[in-house]
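These numbers come from a predicted model, not from an experiment. What's counted below: heavy atoms across the whole structure, side chains too, no hydrogens, waters or symmetry copies.
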Amino acid sequence: MQKVVIGLSGGVDSSVAAFLLKEQGYDVTALFMVNWHERVGAITSACTWEEDALIAKMVAKKLDIPFQIVDLSKDYKKRVVDYMFKEYKAGRTPNPDVLCNREIKFDIFLDEALKLNADFVATGHYCQKGEAVVNGKTIHKLLAGKDKNKDQSYFLCQLNQEQLSKALFPIGHLEKPEVRKIAREQNLPTAERKDSQGICFVGKVDLPTFLQQQLERKPGNVIEVPAKFMEKKKQVPISEENFKKLCFSYPFKPWNGKVIGEHEGAHFYTIGQRKGLNIGGYKEPLFVLGTDVSRNIIYVGEGKQHPGLYRRGLFISSNDAHWIREDQMLKTNENRRFDVRIRYRQPLEKASLYQRDEGIYILFDQEQRGITSGQFAAWYDGEELIGSGVIA
RNA sequence: UGACCCGUGGUGUAAUUGGCAACACAACUGAUUUUGGUUCAGUAGAGUCCAGGUUCGAGCCCUGGCGGGUCAA
């Protein structure tokens, strides 16, 4: 009998996943991971890990499977939280959940599972696996979840073949309502529990408070860039020699607009953000067009159609490009069409990837709103996630 | 100094040439979301610069201040 360790979180998804694994005849063990103890910045109504652990334990009992707890908080802090602070400090917008999967769930948690002699680790992610044989070698595919609304393949975009080979996603072929239904039918204590939100293990926090633990408040200017200032920039033809102009954030300068307010520190803001600017009196809302942490300035524009919010492409440096399908990796000077997503739950967009020595340029057919450095771009071939990388 | 204009919630504007103040943005709360993105819904917030006056009743009319602006020299 094959042994599976399921990461039981205290939510419905992993509970149902555990149930299904058992149904399928696996030898299932539940492992609850503690990744964060602190309560700094935590929303007081949000529950603590102790509550989650208790409920997870109840689920395990109900399913009659062994239950254990591992404390991975040291690694989580080092590999996810520190990364988060570092990125924010550098003026980027990190995606801790992608890192959490690559560094924690499918790395050290996987190791813990292997120590328990597991053949696989399972999670409650909404995504699926497939297989292909290339040159006599089995290759694992990462596929979108059946529930298009919940698809979480994006969060796993940084996994490699090794990690994928050990992964199971028991609920990937189901839709959320079906998962809830199964939980109810089985009388699982998590059946009606609210879905988790916020940074995966830290939980729902007040981010400004959370970030201010390490990042200081640092007042600076908010500069409004008029829409018409963007006109010239929008005339750049889409061609190879303009890749650099098209694929990097607009290099706004203080004299491109006028000062209209003050902010708390450029590193607290992200492109596309609307809330938290504290500047009113406009006909349409203001959105962040760009941030400059070295000058400590944020640039904003009025209206959701502001041209400064849209860009044609993005760049991923060679070091940051990751191919789940190594066999499909582009060679230098090759290019290929893919469907690309630049943020979780964003629709896939048609684009062309151009591999050059320095990295990959991704040019979209349509201009994209809010391309933000630090987020991950993930490219798909239909349902299959082929590769990903950090947006420069 | 003379003439003219303006002074309304945090901000920008609106209010049949008199009947107790509307809209947008911001803020807050909630929904959605395993990223504070976005989006969506809801809540609160001024009694209209000050002092008098006319009127049954004034943000809207009159007088005088104060404050800001424009044009004049």
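In this structure, A:L277 reaches the sugar-phosphate backbone alone: every heavy-atom distance under 4.0 Å involves primed, P, OP1 or OP2 atoms, never a base. Counting any heavy atom pair closer than 4.0 Å across all strands shown, A:Q346 reaches a base atom. Using a 4.0 Å heavy-atom cutoff across all strands shown, A:R343 reaches at least one base atom of the nucleic acid. Note on A:G370: nothing from the nucleic acid sits closer than 4.0 angstrom, heavy atoms only. A:Y269 comes within 4.0 angstrom of nothing in the nucleic acid, heavy atoms only. Across all strands shown, A:N95 has heavy atoms under 4.0 Å from base atoms, whether or not it also approaches the sugar-phosphate.
If you check B:C61 for Watson-Crick or wobble pairing at under 3.5 angstrom, you find it paired to B:G53. In this structure, B:A3 forms a base pair with B:U70, meeting either the Watson-Crick or the G-U wobble geometry with both donor-acceptor distances under 3.5 Å. The partner of B:G36, taking Watson-Crick or G-U wobble pairs whose two distances both stay under 3.5 Å, does not exist in any strand shown. Look at B:A41: its Watson-Crick or wobble partner, with both distances under 3.5 angstrom, is B:U29. The pairing partner recorded for B:C23 is B:G12, the criterion being a Watson-Crick or G-U wobble arrangement whose two distances lie under 3.5 angstrom.
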Query - Verdict with reasoning, A:Y380 to A:F338, per ring-ring contact (aromatic ring centres under 6.0 Å, His included) - result: CA-CA 6 Å; A:Y380 291 72; A:F338 283 105; 9.6 Å; no
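When distances run from any side-chain atom of A:F268 to the nucleotides B:C25, B:G36, B:G37, the shortest one goes to B:G36. In this structure, the nucleotide among B:U34, B:A27, B:G37 sitting nearest to the side chain of A:H125 is B:U34. The side chain of A:Q273 sits closest to B:G36 out of B:G36, B:U35, B:A26. Among B:U34, B:U38, B:A26, the nucleotide with an atom closest to any side-chain atom of A:P285 is B:A26.
Contact check, A:K194 against B:U32: a side-chain N or O comes under 4.0 Å of OP1 or OP2. OP1 or OP2 of B:U39 sits under 4.0 Å from a side-chain N or O of A:R274. Checking the phosphate oxygens (OP1, OP2) of B:U38, no side-chain nitrogen or oxygen of A:K275 falls inside 4.0 Å. Considering only side-chain N and O atoms, A:Y344 lies under 4.0 angstrom from the phosphate OP1 or OP2 of B:U34. Considering only side-chain N and O atoms, A:K304 lies nowhere under 4.0 angstrom from the phosphate OP1 or OP2 of B:U38.
Taking the six-membered ring for Trp and the full ring otherwise, A:F210 and A:F85 have centroids separated by under 6.0 Å.
Base orientation of B:G47: syn, since the glycosidic angle falls within 90° of 0.
A cation-pi contact, defined as under 6.0 Å to the ring centre and within 45° of the axis, links A:K232 to A:F229.
A donor atom on one side chain and an acceptor atom on the other are found under 3.5 Å apart for A:S294 and A:D292.
Residues A:Y310 and A:E367 come closest through the heavy atom pair CB-OE1, 3.6 Å.
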